[in-house]
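Counting starts at 1 for both ligands and their atoms, in listed order. Owing to the predicted nature of the structure, the values given are computational and were not obtained by experimental measurement.
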Amino acid sequence: MKTTYAVSVCALAAIIAAGAPLAFAQGPGVSELREPITIASTNGLLDILMVARAAPVSTLPGAPIGWVYDICERPQDGSETCPQRNVQPLNLYGGTRLKLQKGDTLRIHLVNQLPPVHDSDHASDPGFEFLALNPTNLHTHGMLVSPHCPSAANPTYGDNVFVLTFNSANGKPEVSPHMHSAVRFDSTDYEIKIPDSHPSGLYWFHPHAHGISLNQISAGMSGIITVGDVSDYVCRDRLCSALVSQIRTRHMILKDTQVLPDGTIQTQEDPDFCPPQPGTGDPARQGSCDGQNDGEEGGPDYTGGKWFVTLSGQQYPSVTVNPALGEIWRLTNASGSASYRLQLWNPAQNRSMLFQILSLDGVSVSPDAGLSDEQKTALGGNKFKSEPCPGGFGPAANRGICTREMLMMPSSRAEVWVTYRDAQDRFALPPKGATAVFRTEGFQTGPSGDYWPQVDLAKVNFVQAPAALMPPVLDVHGEASSLASPLALAHSMAASNQTVAPDASCKALPPGHMRRIFYAVPTSNLDAFGLAYEEIDENGNVVGTPATDVTPFDPMKPTICVPLGPNNAPVTERWQLVNVATEDHNFHLHQTKFRLLTNDEIAGTAPIKGLVLDNVPLPHADGTCGNNPPDDNSNPIADWRAGLCQAYPVTVEIPFTIAGDFVYHCHILEHEDGGMMARIRVRPTK
Ligand SMILES: [Cu+2]
């Protein structure tokens, strides 16, 4: 049940919170999951004050001090403090939902009131001392919007990561070439215009300050953005549309934070905080795992600490599901570095239940009819293992994607339809008292990677309800085809693209050629991460200068320049992503999305059918490329060319439509902060 509260100063935007206005019952298994604080646009505008500041995490035991976004409609008196709200308890750590529509304008006055960082790995790196002052910025992840710079006509920033806002109370930074371009103090204004042609779906926002992104996100700084409504792409057929409005939709932000034995939050998240799996006979991990003594491995002693893995800040809440209709869960992995392997475990059946995937990374999924489950799995970049959706008939049923396990690496979003399933996986009414456990099974990112822990996230209670005429497979209207050839988006972006200066030195990739990006640890610095770039022709031969070694991020050096087509028409490129490391990475690119290509699609012998994504797992290489003992100075790229390891390249097709400067990077933020990022520019034609 949703309750709307009248709010004094923030009254112009609808602030909606679900649940009764009571104190948070702390501890696992005692509270019903609530919706995040929601602020909706009105009349095409959402104009907000967003204060980044320290605050007690009211949902966790002991209320440790985290860093949150305190968000309200912008006070008309220019105040930089959000007023007391009538929503109690106020769960700022859990994240705010910005509810937008296509064509809206999102204005943000971002204020930095963060305290200094005490535990950043990178603030002690030479030239990065300014990070200790805790500068911040903002990225709207997955959104197809302009990254514009301020101009005389418009002093705001777009979705631009090349600006840092410092809190002047923390002192002034020493100028360093490692800063992202512009330096500002105390506040920055952003204006983000959502194109009319933007897909409906689920996005999120988070800081993108290179070197301390992990710290700020792990301490709590993230929230979600929704564009349009689920009904824009689910159940547009007549039978289904009458019922879809009654299906409860929940927003679950997967957030994790490590609390040390002394009750303080560790912002430099350590993957070895907990054992990967509970020991034999240990109690179930309900929303947290216990810190371990990692001293024998040379690590710290976390005994007495807890790593909380929550849904929108709530530790192991209950989720009560009406099994006649099921529920739509909109999931965002807002972890800094953790990957989740999500399951809906049915203890009575002793196995995981099937669920239907409705959208991935903010774009609805509707693969062509007639594809095999193996093909569907490949189209999604192995984020899920497709199984038939039972009970359906006709093309809609075949186009459904069902799975019983989903891999969500950092920044992934997925929308799923969760219902009770009988032992034959059919949508069914449950026996009395039926329950399930929503959990992450734990995930290891390769031999030299990390083991992200197993944790139970929520208890699901299926109540008794009379049967409804729900179809066994929800009809999903895909928006992928319009994004593959984004002419409407190009039209929407025409004005902002014109504000970017053309660059005659920016050369188009010749037809048939691909850009190749390597992911590895630099030979010269085993504590860093990096990328390398080269161009290859249609036969896979290197054109021009071959890549020699990966290098960490340099904000002043754009790696790639892409010119838009005649009249700024979209340009499509193919990139081959080659992970030569022995741990998995997660590719993400700002300002556009991409589709995965199979070998037949690359060869042109099969039409392209891949799902539209904005991040994709890059599986680790097998073998010994790079810095493997005893040869610690071995070059990973040279080793790969010499055949010392087997890499599994991922090839993506990327439509570029939006001009400006932005980045591509690994979204495991330990790696991004360590340098696994590069700058790209897209330039308009004259
Ligand atoms: Cu990575």
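- Side-chain contact check for His139 and Asp159: at least one donor-acceptor pair (N or O, by modelled atom type) lies under 3.5 Å.
- Around atom CG of Asn599, no more than 12 heavy atoms belonging to other residues, nucleotides or ligands sit under 6.0 Å away.
- The list of side chain to side chain donor-acceptor pair (under 3.5 Å) pairs with a residue in residues 543-560, not counting sequence neighbours, reads Thr523-Asp549.
- Among pairs with a residue in residues 329-343, those fulfilling salt bridge (Lys or Arg N to Asp or Glu O under 4.0 Å) read Arg330-Glu415, Arg341-Glu405, at least two apart in sequence or across chains.
- Looking only at atom types and distance, the side chain of Gln576 has a donor-acceptor partner in the side chain of Arg516 under 3.5 Å away.
- Nearby protein atoms of type N, O or S around the Cu ion (ligand 1) amount to 3 (distance under 2.8 Å).
- With sequence neighbours left out, Asp121 forms a side chain to side chain contact (heavy atoms under 4.5 Å, CB included) with Gln268.
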